[in-house]
Each structure stands twice: as structure tokens, then as C-alpha cells.
Asker: 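Structure provided below as C-alpha cells; questions to follow.
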Amino acid sequence: MNMKRIKQLILILSALLVTVPNQLQAQKNINDVIKVNPSNIRVIKDNQDVKGYFIFYKADKLKGKEYSYKLVILDENAEKVATKSLVASKYFALLESSYNQEQLCFKFYDIKEKMVSLIFYDNEANKVKTKKYEARKIEKKMILMNLNSETQMPPTIKSVGQIGFLEYRTVKNEKDGYILTYFPNDKSTKGWTFKSKINSDKTQNLTPLSANEELITSLLVTRPSRMSKDFTYYVIGNDINSGDEQFRYPVKSSKYDESPINAFYNKETGNISLLGYYFTKGDGMTKGKSLGIVHTEIDPKGKELSKDYINWKADVSKVLPVDKRNKFIDVGYIFFHEFIKTTDGRIYGIGESYRKAQKGLNTALKLAAAAGGDASGVSIVTISVEDFYIFEFDSEFNFIDVKLFEKGASNTNIPGLGAAPVLLGYLTKAFNGFDFADVKTIDGGDSFVLFYQDFERRKKEKNKSVAGVISNTKGEYTTDKIDIDTDADFIKVLPAQGSNVLFVEFFKKEKDLQMNMKKLNY
């Protein structure tokens with residue numbers, strides 16, 4: 001069945017569902033799942049709008065040392081579009097994926113063969129091309145570290161509008177360096193690579209910020225050595241057609257230390273809005289607690305046009321209700337998961353608060369580890385994950401408002417590594433410690449919905465895990481949540497079309513993966 005026919009059926013089903021809003025779709029099953037990693041059940045999004053899902057799993061043991069793997073691609077109603085079979089060793093793993101409206105890109109790694117495979121599919125799930133290369137020594141170490149600890153890898157694949165994908169690689173030159181490669185959708189368009197200098201005297205890491213059909217922006221972090229905490233930041237702009245460097249903007253200030261976290265491209269002006277944390281001079285993200293958010297606007301040639309600081313205490317806390325101000329001042333730290341730009345030009349920053357928990361918890365963990373024979377001495381930090389804060393800015397990034405959404409505190413344990421507060425936030429995200437699950441846009445981009453999973457401690461009731469939403473409909477907020485009752489080995493909650501969420505439950509003994517749409521009020 002082709003994609004056009006599928007879309008026609010979806011429209012018919014959608015019309016039927018409108019007439020019976022409380023009737024949920026039938027349960028869907030995949031019943032040949034030997035093993036599946038929760039991180040390999042993902043939503044396919046286009047500009048934060050849900051377009052479908054994919055599931056990658058181990059399906060069968062074949063002759064010799066080979067296994068059958070399956071990649072199932074689903075539409076936005078969790079109906080199967082295609083199933084692709086792959087034969088590989090038991091050491092085969094999916095690292096990440098990306099979608100650019102025209103193609104899907106999947107990045108796989110074979111641990112035994114030490115080979116990375118990029119496989120591209122079109123919207124009808126036909127394989128377009130495959131790119132393979134042998135992972136370099138430093139890449140192998142980073143991939144294995146993430147696979148063994150089941151942590152989230154920093155993104156290395158970035159979609160570029162509807163025209164292609166970028167891949168960011170870390171390589172070993174005389175010191176750590178990078179390779180940025182562009183893979184266009186169109187076979188007649190030539191790709192390119194952009195590399196760090198082999199003989200650089202600095203360790204250099206390049207990560208994605210923003211990408212469109214004209215300009216790519218990336219964050220370059222340099223330091224004297226791999227273990228140094230003396231970071232210097234640059235924003236690099238590359239032309240999408242040639243890969244040529246257009247500018248290299250040094251992120252600096254005479255007043256503060258700054259650490260970029262996101263960037264937006266303004267199609268009308270060609271300017272770039274850069275967002276980041278700022279710190280007391282000399283502290284930086286490796287030492288100090290952030291003072292607030294900094295917004296910097298630069299032009300297409302990398303010239304700084306303006307810089308504005310939004311202070312947590314002086315600017316943000318004063319817009320909260322009086323009874324909530326002290327809570328924000330004592331909030332600990334805020335980690336920003338996403339920045340959403342709605343069609344009216346407003347920008348929303350989705351933050352989640354966290355803090356170091358009581359020292360007694362850390363001591364108990366260390367004693368437990370020692371009793372189990374672990375004398376590694378690795379510092380363990382207990383992080384308390386708490387409330388959501390949604391920040392609102394106008395199209396010029398002037399701060400307007402912040403909304404507090406309280407939820408139950410939950411604890412997660414991570415290796416401390418002597419990390420400063422902001423770095424602890426990144427570690428908490430890497431170890432899947434936050435309650436934030438995902439976000440999607442609705443109403444053509446006018447509004448958005450935040451999805452989360454939380455464990456609630458209830459009075460006079462059994463404690464429960466819940467799936468919750470916070471919906472912003474043209475500036476008005478609503479919330480809802482539903483209990484998670486399951487005997488599954490694990491459950492993953494994903495955003496869905498309409499006012500639904502998708503529950504994906506895995507029952508290992510039965511080799512069964514069940515998918516159910518659940519209705520919420522938003």
C-alpha cells in the first residue's frame with residue numbers, strides 16, 4: 001500500500017474518530033519481540049508535529065551467530081506502514097534517528113565489526129541509500145560507553161529542512177577534533193565535509209545548534225586538553241550548499257561567562273538568536289550556578305547585534321505569584337529541555353527544576369555499593385527532580401512570563417564526577433533522570449503540549465506512576481494525567497495525534513509489544 005493511499009485512509013479514520021471522541025482505537029500488537037530497548041521505540045516528528053513512530057527490535061536467532069532484526073515504521077495512528085528486516089550479529093545496535101519530511105535516517109553500529117551504518121528511507125519506507133564507515137578509536141569508546149550505561153547519546157544526526165541530513169563525528173587528530181558531513185536527499189546534489197585542523201593545539205568538539213536550507217549553525221567548544229575545564233565557545237556558521245565557513249563568532253562577555261544551549265534562525269532577517277546560561281565571571285558552567293539566561297542576536301556574517309540578560313531573581317521570580325516566589329528563588333537549578341516557537345512568533349522554554357538531594361542519601365548509596373564489592377570510589381550524586389517551569393518570550397526574546405507547574409519530586413542517582421550544577425543537569429538527562437518525555441505542536445503550530453511521566457506519592461492511596469500533559473492552547477494552559485497500571489516489563493509513553501498519548505508496553509515472556517492509544521483532556 002503506497003503512502004498516498006495510507007494518508008487517504010488516515011483522513012477517513014480521523015473523520016470517524018471525531019464523531020466518537022471517547023472511543024479509542026483497538027490495541028495493536030507485535031508478537032515476535034525477543035528483545036527491545038525502550039530507547040528504540042521513538043516518535044517521528046516534523047517541526048515538533050507527530051508524523052509517526054518506529055520500533056527497532058531483535059526478532060529471531062538465525063543459524064550461526066546471526067540474528068534477525070526488524071525495523072517497524074508506523075503512521076501517526078500507530079498503524080504499520082512497513083516492516084524492514086535486517087540480518088546482523090547480536091552486537092548490532094541502533095544509535096539514533098532523524099526525519100526531514102522527505103526521508104528517515106537511521107544510524108546503526110556493529111560492535112564486533114566496528115562499523116557505523118547510515119541507512120536512509122523515503123516516505124514509502126523504500127531504502128534510498130546506505131553509507132558505511134569504520135568507527136575511529138575515540139568514536140568506539142564513546143558509543144560503547146553510551147550503550148553499556150544505557151544513556152542517551154548527544155545528538156549526532158541533524159535534519160536540514162526537507163533537503164538532507166548532517167552528521168557530527170568526534171575524531172582523534174593530534175588532539176580531539178571533528179568531522180561535519182552533509183548528506184543531501186537529492187542524488188544529483190553533491191554532499192560535503194567540514195573538518196577541524198589535524199595539527200590543532202586544542203581539543204575541539206562540534207555539536208548541532210540549528211539548520212535550515214540556507215545556513216547551519218554549530219557550537220564549537222575548545223579547551224587545552226580533553227580533561228581541562230577551561231572551555232572556550234564559538235558559534236560557527238556554514239553555507240548549506242558548499243559547507244564553507246561563513247563566520248566564527250566567539251561567545252564572550254566582559255561581565256560574565258556564558259554557555260550557549262540553543263539557537264534560532266530568523267528567515268526574514270537572516271539573523272541568529274543564540275540562547276544560553278550566564279555565570280559569574282570566572283565560574284563558567286564547570287564551576288558555578290547560573291545567574292539566568294542570556295540572549296544574543298548575531299547577523300549572517302557573525303556580527304553581534306545585541307545582548308540581553310534575564311536574571312533568575314531580578315526578572316523571573318517577580319512575575320510569579322507572591323506565594324511561589326520563594327520557591328523559585330530556592331529552586332536549585334533549571335534544565336531546559338526544549339524551546340518551542342509558535343506561529344505568532346512567541347517562544348516558550350520548557351524547563352524542569354532539579355537539585356542535589358540530601359547528603360545522607362549519597363552516603364547510603366556509597367555504603368550499599370561498598371557492601372556489593374564496588375570499591376571504585378566513583379562519586380554518586382542523588383538528584384531530586386521537581387517542578388516544570390515554562391518560560392515565555394516575545395519574538396525578540398524579551399522575557400514576558402513564567403508559569404510554574406508543580407509535581408511530585410523524584411530521585412535519580414548519577415555519577416557526580418565533581419560536576420558543577422549545569423553539568424549535573426546534562427548528566428541527569430543522559431541517565432534518563434528527568435520526568436520530561438516529549439513535546440509536540442498542535443493547531444498548525446499555534447499551540448503545544450508537553451508530555452511527562454512521574455511517580456506520585458499519594459496520601460491514603462497506593463503510590464502510582466502517571467502519564468501527564470501540560471497543554472498551551474494559544475496562551476491558555478490546561479493539565480491532565482492518567483494512571484499507569486501495567487504488569488509489563490516496561491512501558492513507554494509517547495505523544496500522539498489528537499488529544500491522545502500512546503502507551504507502548506513490552507511483555508518479555510510473551511515476546512509481545514502492545515500499543516494502546518489513551519485519551520487525555522487537552
Side-chain angles (χ1 to χ4, degrees), residues 37-39 42 96 142 145-155 205 207 219 221 229 231 259-262 275-277 279 283-290 292-293 312 327-328 330-339 349-366 368-369 378-391 404-439 450-457 465-468 470 490 492-493:
N37 189 316
S39 65
R42 304 182 194 178
E96 60 180 299
M142 292 174 67
M145 180 180 69
N146 283 278
L147 290 176
N148 290 336
S149 61
E150 296 187 350
T151 56
Q152 295 184 42
M153 288 185 66
N205 298 101
T207 55
L219 177 63
V221 183
K229 294 183 179 181
F231 293 97
S259 173
I261 54 176
N262 211 323
L275 289 179
Y277 298 109
F279 309 82
D283 281 356
M285 71 177 292
T286 60
K287 299 177 184 177
K289 179 178 179 179
S290 68
I293 309 169
W312 298 135
K327 184 170 188 177
F328 179 80
D330 189 42
V331 73
Y333 322 109
I334 289 179
F335 183 86
F336 282 98
H337 294 286
E338 296 274 2
F339 285 90
I350 298 174
E352 191 168 1
S353 64
Y354 65 100
R355 69 176 74 240
K356 288 184 182 181
Q358 303 171 28
K359 290 183 178 180
L361 289 172
N362 301 331
T363 302
L365 284 166
K366 290 177 182 178
V378 174
S379 174
I380 296 174
V381 176
T382 300
I383 298 296
S384 176
V385 174
E386 300 177 358
D387 304 320
F388 284 116
Y389 289 85
I390 300 182
F391 293 73
L404 165 64
F405 297 90
E406 295 177 306
K407 57 182 176 66
S410 57
N411 291 331
T412 187
N413 306 314
I414 63 173
L417 306 175
V422 174
L423 289 179
L424 285 175
Y426 285 101
L427 283 168
T428 302
K429 177 179 173 62
F431 281 84
N432 301 298
F434 284 111
D435 293 331
F436 173 85
D438 215 324
V439 66
L450 179 163
F451 297 80
Y452 68 92
Q453 285 182 242
D454 186 24
F455 184 75
E456 291 188 343
R457 292 171 175 81
S465 291
V466 299
I470 301 171
F490 73 74
K492 187 159 186 177
V493 180

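Reckoned from all heavy atoms, side chains included, excluding hydrogens, waters and symmetry mates.
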Asker: Contact between Tyr277 and Pro260 at the side-chain level, heavy atoms closer than 4.5 Å - yes or no?
Answerer: no

Asker: Under the criterion side chain to side chain contact (heavy atoms under 4.5 Å, CB included), I'd like the reasoning laid out for Lys289 against Tyr333: C-alpha separation, chi angles, the key distance, then a yes or no.
Answerer: CA-CA 8 Å; Lys289 179 178 179 179; Tyr333 322 109; 3.7 Å; yes

Asker: Closest heavy-atom contact between Asp435 and Gly408?
Answerer: OD2-O, 4.3 Å

Asker: Nearest 0.5 Å, please: how far is OG in Ser410 from CZ in Arg457?
Answerer: 7.0 Å

Asker: Carefully, step by step, assess Phe388 and Leu450 under the rule side chain to side chain contact (heavy atoms under 4.5 Å, CB included).
Answerer: CA-CA 10 Å; Phe388 284 116; Leu450 179 163; 3.9 Å; yes

Asker: With no hydrogens and no angle check, do the side chains of Asn413 and Thr382 hold a donor and an acceptor under 3.5 Å apart?
Answerer: yes

Asker: Which heavy-atom pair separates Phe279 from Ser259 by the least distance, and what is that distance?
Answerer: CE1-CB, 3.8 Å

Asker: For a quick test of reading the model, state the closest non-hydrogen atom pair linking Val493 to Ala437 and the distance between them.
Answerer: O-CB, 4.4 Å

Asker: Could you work out, with side chain to side chain donor-acceptor pair (under 3.5 Å) as the rule, every residue matching Asp438, not counting sequence neighbours?
Answerer: Lys45

Asker: From Glu406 CD over to Tyr389 OH, what is the distance, rounded to the nearest 0.5 angstrom?
Answerer: 7.5 Å

Asker: Hey, are the side chains of Asn262 and Phe336 touching, using non-hydrogen atoms and a 4.5 Å cut-off?
Answerer: no

Asker: Rounded at 0.5 Å granularity, tell me how far NE2 in His337 sits from CD1 in Ile350.
Answerer: 8.5 Å

Asker: Could you tell me which non-hydrogen atom of Gly425 sits nearest to which non-hydrogen atom of Phe434, and how far apart they are?
Answerer: O-CE1, 3.4 Å

Asker: Report the residues that fulfil salt bridge (Lys or Arg N to Asp or Glu O under 4.0 Å) with Glu456, sequence neighbours left out, ordered by chain and then residue number.
Answerer: Arg458, Lys481

Asker: Under the side chain to side chain donor-acceptor pair (under 3.5 Å) test, which residues partner Ser384, sequence neighbours left out?
Answerer: Glu386

Asker: With side chain to side chain contact (heavy atoms under 4.5 Å, CB included) as the test, would you mind laying out the steps for Ile261 and Tyr426 before giving the verdict?
Answerer: CA-CA 11 Å; Ile261 54 176; Tyr426 285 101; 3.2 Å; yes

Asker: So how far is it from Lys356 NZ to Ile414 CD1, rounded to the nearest 0.5 Å?
Answerer: 9.0 Å

Asker: Is there side-chain contact between Leu404 and Asp387, with heavy atoms separated by less than 4.5 Å?
Answerer: yes

Asker: Which pair of heavy atoms, one from Ile334 and one from Gly351, lies closest together, and at what distance?
Answerer: CG2-CA, 3.9 Å

Asker: Kindly indicate whether the side chain of Thr428, heavy atoms from C-beta on, has any atom under 4.5 Å from the side chain of Thr412.
Answerer: yes

Asker: Return yes if some donor-acceptor pair links the side-chain N/O of Lys492 with the main-chain N/O of Pro38 below 3.5 Å, else return no.
Answerer: yes

Asker: Quick one: CZ on Phe339 to CD1 on Ile293, what's the gap to the nearest 0.5 Å?
Answerer: 5.5 Å

Asker: Compute the ring centroids of Phe335 and Phe436, then answer whether they are less than 6.0 Å apart.
Answerer: no

Asker: Taking the side chain as every heavy atom from C-beta outward, state whether Phe405 and Ile390 have any pair of such atoms under 4.5 Å apart.
Answerer: yes

Asker: Side-chain contact, heavy-atom cut-off 4.5 Å: Ile383 with Asn411?
Answerer: no

Asker: List the steps, then state whether side chain to side chain contact (heavy atoms under 4.5 Å, CB included) holds for Ile470 with Tyr452.
Answerer: CA-CA 9 Å; Ile470 301 171; Tyr452 68 92; 4.2 Å; yes

Asker: What distance separates Lys407 NZ from Glu352 CD, expressed to the nearest 0.5 Å?
Answerer: 4.0 Å

